[in-house]
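Residue numbers begin at 1 in each chain, while the letters A, B, ... track the order of the sequences. Note that the structure is predicted; figures quoted are calculated from it, not measured.
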2 protein chains.
Amino acid sequence: MSTPGRVTIRDVARRAGVSVATVSRVLAGGYPVLAVTRNKVLRAVRELDYVPNAHARALSAARPGAIAIVVDSVAMPYYAYIAQGVEEQAAQEGRLSLICTTGGDTGRELSIVQLLREQRAEAVILVGSVILDDEYRKRMTEYAHALAAAGSRLVLCGRPPLGEGVPALVVGYDNTGGAHAVTAHLLSAGHRRILYLGLRPGHTTSDSRVAGYRSALAEHGVPADPALEVEAEFTREAGYDAMKRRLAEGPPGFTAVFAGNDLVASGAIQALDEHGLSVPGDVSIVGYDDVPPAQDLRLTTVHLPHDELGRAAVRLALGRMASSPLILGTHIVVRGSVRPLGPR
Amino acid sequence: MSTPGRVTIRDVARRAGVSVATVSRVLAGGYPVLAVTRNKVLRAVRELDYVPNAHARALSAARPGAIAIVVDSVAMPYYAYIAQGVEEQAAQEGRLSLICTTGGDTGRELSIVQLLREQRAEAVILVGSVILDDEYRKRMTEYAHALAAAGSRLVLCGRPPLGEGVPALVVGYDNTGGAHAVTAHLLSAGHRRILYLGLRPGHTTSDSRVAGYRSALAEHGVPADPALEVEAEFTREAGYDAMKRRLAEGPPGFTAVFAGNDLVASGAIQALDEHGLSVPGDVSIVGYDDVPPAQDLRLTTVHLPHDELGRAAVRLALGRMASSPLILGTHIVVRGSVRPLGPR
DNA sequence: TCCAGGCAGGTAACCGGTTACATGGCGAAC
DNA sequence: GTTCGCCATGTAACCGGTTACCTGCCTGGA
């Protein structure tokens, strides 16, 4: 009690009048020990407030490591939901799971990965879209090799594969398909001037959504118009600002909006509202992700199986599934934010 | 490479032709080593893909432990925001932080606490309101002593203190004050029949909000009416269901709603909407917490400094602040969900 | 020329567990 | 009455680092 945390297995052994091996056996269980001896040990443990040291334990006996998920921020529902899936599957597999946040800071990401591999985490799951440049490729390849050297598996979620020799598993969504479907939904409601809000060149998630958007337009014979593709980060604030700026430039010139994700949609709706344009009365809008704001805003959006993604990442990491890269399907959720356009 | 994660400091020493002590010194830094020797060591490290074992390291050298925050679910914005504050402050203090989720399961909570104390976490931060019964008190007291015995600090967030001899720090919000203020806001807008949606007897957070609600009514000479206090858990679904049921029973009998938190408000608004009642046209509503749905719903609510709570918890745990229990203030955020009632 | 002192680097004890192997005691079988 | 063998328990090596202490060498001053 005077020096907390300093009670060792030897103290317990001395107090109980047995050897350290016996104490260890009593605590581990599954080993024949006389009831009398067991009780002496357990009493000593209680009296001394003994807590085994996990580091010492991990050092000698190889036990399953933890499963860690690394995300930008847990305050973004997209990440939170995936983390939840990871937690559930990890618990089911008898593993402990941890969530680590980087705040989008590469330096922090690096020190977290460093620490996780020193901890010999069983798996490290990196989530989130990124700008796919050489620097990124190089960094991920280094992570992959370093983690592999430490005996940890690396799973990338929602990120493109790294290439042949790199030891990294991959799982993601079919962004192009979802974007195609939701754009087609707007087109079949009669919309032709559809604003894409969320352009981010080089950004993998956005790029694949844009690709889906463009291919749907092309299929319906609607020419792509660069003026209808507007840049915006995937946050509420960015959606608001971008829409605000756009509306300030002059008449909208669009009847519908495809927002890069639900947060962007949420910001855009507020901007439209402040400009006196109602949804879906004046402007139809669809989002992407199907995270909480979507429900409150009655937003038609693309549902992503976040939970499933997290679970799949864990199963991949533990070798329960073979196929990587694994692409999960999505589907549209129709709520009330799209209004059919009458024939002109 | 053949047996991953099995490269030890002795392998590196052998390869570099030096002793283990030298390798350790090179890696630790801050010790005079000839440049030639250092380079030999660093080359060997690179060639062998050596990763120091964090457990072995922690075993010999006492270094700062991690700071862990334990919450029900990271998918609830309330928890996510607090976790974010913890992360930020921990990073600032040069500590790693981890988020662990229990899914509201006491068994999982227990095994997480168990693991964290074995890991010798520097601090364990438990967040969230609870049913305050003897079983809970006993469990927390046990955690507190067990963690103290392992040398970890325990911080309770948004939970009542445990009593004198129990080694636990406490930080929370002034729920009663916030509830009083927001109820007074409705009263001064002319509302007299105010439904409280979120009763949960024994539940500490709800209880203190109800207390603030009742005291505000009393101050304005409005008699408390048990029929206006409705039970609901603090989720969107519960808010929806409770309001749905209430409306099915007959005419509302209230002109305003004080929802236990923003999620409940969000559910209630949907139920009102489906019943043909608009907000704030027909019914005024206020929430609590000021988490994301509040902004989209233009909800008048009570802002909680989640970020500050997380930061305060870390500072308390690290002994940077003395005062515990620490109560953080709150303030109303007026948006558009309350309509003044004209005189009848 | 000899010795003190400083510095790079090695040796080995130690952190706190787990577990292979050794030991002693006792009952069963001969 | 031996001997065999099993069972409960003890002894000590080991996991992979850190670090106190020691050694050997080189330099500088008397």
Grab the CZ-P distance between A:R6 and C:dC15 for me, whole Å please. 10 Å
OP1, OP2 of D:dT9 versus side-chain N and O of A:T37: anything below 4.0 Å? yes
Whole angstrom value for the distance that separates C1' of D:dC14 from CD1 of A:I9: 15 Å
In whole angstrom, what separates B:R10's CZ from D:dA13's P? 15 Å
From the candidates D:dA8, D:dG16, D:dT18, the one with an atom nearest any side-chain atom of B:S24 is D:dT18
Does the side chain of A:R159 reach to within under 4.5 Å of the side chain of A:V130, using non-hydrogen atoms? yes
Nearest whole Å is fine: how far is C:dG16 C1' from A:R14 CZ? 13 Å
Using OP1 and OP2 only, check whether a side-chain N or O of B:Y31 sits under 4.0 Å from D:dA20. no
Is there side-chain contact between A:L98 and B:C100, with heavy atoms separated by less than 4.5 Å? yes
Should A:S60 be listed as having a side-chain N or O under 4.0 Å from OP1 or OP2 of D:dC15? no
Is there a donor and acceptor pair closer than 3.5 Å between the side chain of B:R57 and the base of D:dG16? no
Nearest listed nucleotide, side chain of B:V33, among C:dG17, C:dG9, C:dC15: C:dG9
Please work out if B:T8 contacts a base, only the sugar-phosphate, or nothing of the nucleic acid, heavy-atom cut-off 4.0 Å. sugar-phosphate
Select base, sugar-phosphate, or nothing to describe what A:V20 touches, counting heavy atoms under 4.0 Å on all strands. base
Please examine the side chains of A:R153 and A:L147, heavy atoms only from C-beta on, and report whether any two atoms are closer than 4.5 Å. no
If you define the side chain from C-beta out and look only at heavy atoms, does anything of A:T37 sit under 4.5 Å from A:V26? no
In whole Å, what is the span from the CZ atom of A:R117 to the P atom of D:dG16? 17 Å
At under 4.0 Å, does any side-chain N or O of B:R38 touch on OP1 or OP2 of C:dA8? no
Taking CD from B:E118 and P from C:dG16, how many angstroms apart are they, rounded to a whole number? 15 Å
How would you label the contact of A:T22 with the nucleic acid (heavy atoms, under 4.0 Å): base, sugar-phosphate, or nothing? sugar-phosphate
In whole angstroms, the gap separating P of C:dA8 from NZ of B:K40 amounts to 14 Å
What about A:R25: does its side chain form a donor-acceptor pair under 3.5 Å with the base of D:dG10? yes
If we count only N and O atoms by modelled type, under 3.5 Å, do the side chains of B:S73 and A:Q84 hold a donor and an acceptor together? yes
Protein-nucleotide distance (B:H55, atom NE2; C:dT18, atom C1'), rounded to Å: 15 Å
From C-beta outward on B:L34, which listed nucleotide comes closest to its side chain: C:dG9, D:dG16, C:dG17? C:dG9
B:L59, nearest nucleotide to its side chain (from C:dG16, C:dG10, D:dG17): C:dG16
Close side-chain approach of A:D49 and A:V7, heavy atoms under 4.5 Å: no
